[in-house]
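Each remark here refers to the structure printed beneath this line.
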Amino acid sequence: MKLDILVLAAHPDDAELGCGGTIAKHVAMGKKVGIADLTRGELGTRGTVETRREEAAKSAEVLGVAVRTNLNLKDGFFQNDIESQLEVVKVVRKYKPQIVLANAIRDRHIDHGKGASLAFDACFLSGLAKIETVDEDGKKQDPWRPISVYHYIQSDFIEPHFIVDVSSHWETKMNAIRCFKSQFFDPSSKEPETYISKPGFLKMVESRGIELGHSIGGTYGEGFTVRRYPGVNNLFDLL
Ligand SMILES: [Zn+2]
């Protein structure tokens with residue numbers, strides 16, 4: 001299956017928090033979008049690998065993505081090294097996306113910045129024909145380089161280079177986030193409180209969306225940064 005957009009995310013729920021509205025918007029436009037979580041989030045204080053897997057699958061349904069896969073890298077410890085790069089190269093070559101959305105270039109969680117560098121480097125390496133990889137069936141993969149890699153903004157505020165208007169898809173984003181019941185505020189939960197399970201965390205997500213949306217004349221927005229300048233065909237593409 002070929003995807004238009006592949007979202008790479010260090011942990012299940014990063015994609016929803018950073019760019020769930022953008023995913024839902026492009027799915028609604030008829031684009032094929034998929035998510036590849038780099039780890040299973042096994043070091044998360046709340047929930048288990050199994051609950052997080054179920055939550056991620058439910059959220060994928062809410063967002064309407066065509067595929068959600070997991071690269072099973074080590075939560076907290078994966079590095080932007082040859083082993084991880086080849087795993088990401090394999091998934092990029094498998095789905096051949098034009099656009100890759102990747103983690104924030106720096107953030108509170110150390111895996112996010114690592115995930116950003118890993119995604120950017122692997123997307124470049126994926127285009128080099130002399131790096132040979134095979135798919136699950138042992139078939140040689142063709143080289144593939146996405147046109148663009150955009151980094152979504154997650155916990156820490158980073159000044160965006162561009163903002164996607166997700167006003168019409170904000171509810172879908174929040175519904176997707178709420179699928180991760182073990183992770184976010186739940187007054188009946190007996191699990192220890194974490195940075196993201198405090199009630200204020202989802203208020204921050206909401207207010208971030210409002211602020212970014214407001215700055216482009218919409219109701220809700222999601223911000224992205226780039227490492228390479230994207231081009232536009234004409235000035236009317238920028239609204
Ligand atoms: Zn994360």
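Atoms within a ligand are numbered from 1 in the order they appear, just like the ligands themselves.
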Exercise. With a cut-off of 2.8 Å, does any N, O or S atom of D14 fall short of it relative to the Zn ion (ligand 1)?
Worked result: yes

Exercise. Taking all atoms of both residues into account, what is the closest heavy-atom pair of A15 and A9, and its distance?
Worked result: N-CB, 3.9 Å

Problem set entry | Donor + acceptor pair across side chains of R46, T194 (<3.5 Å) | no

For this session: Please state whether the rings of H11 and H109 are parallel, tilted or perpendicular, taking 30° and 60° as the class boundaries.
Result: tilted

Seminar exercise, completed: Note: D165 and Y220 closest approach over all heavy atoms is OD1-O, 3.4 Å

Exercise. Do any of the N, O or S atoms of H109 sit under 2.8 Å from the Zn ion (ligand 1)?
Worked result: no

Problem set entry | Atom name of the N, O or S atom in H11 that lies nearest to the Zn ion (ligand 1) | ND1

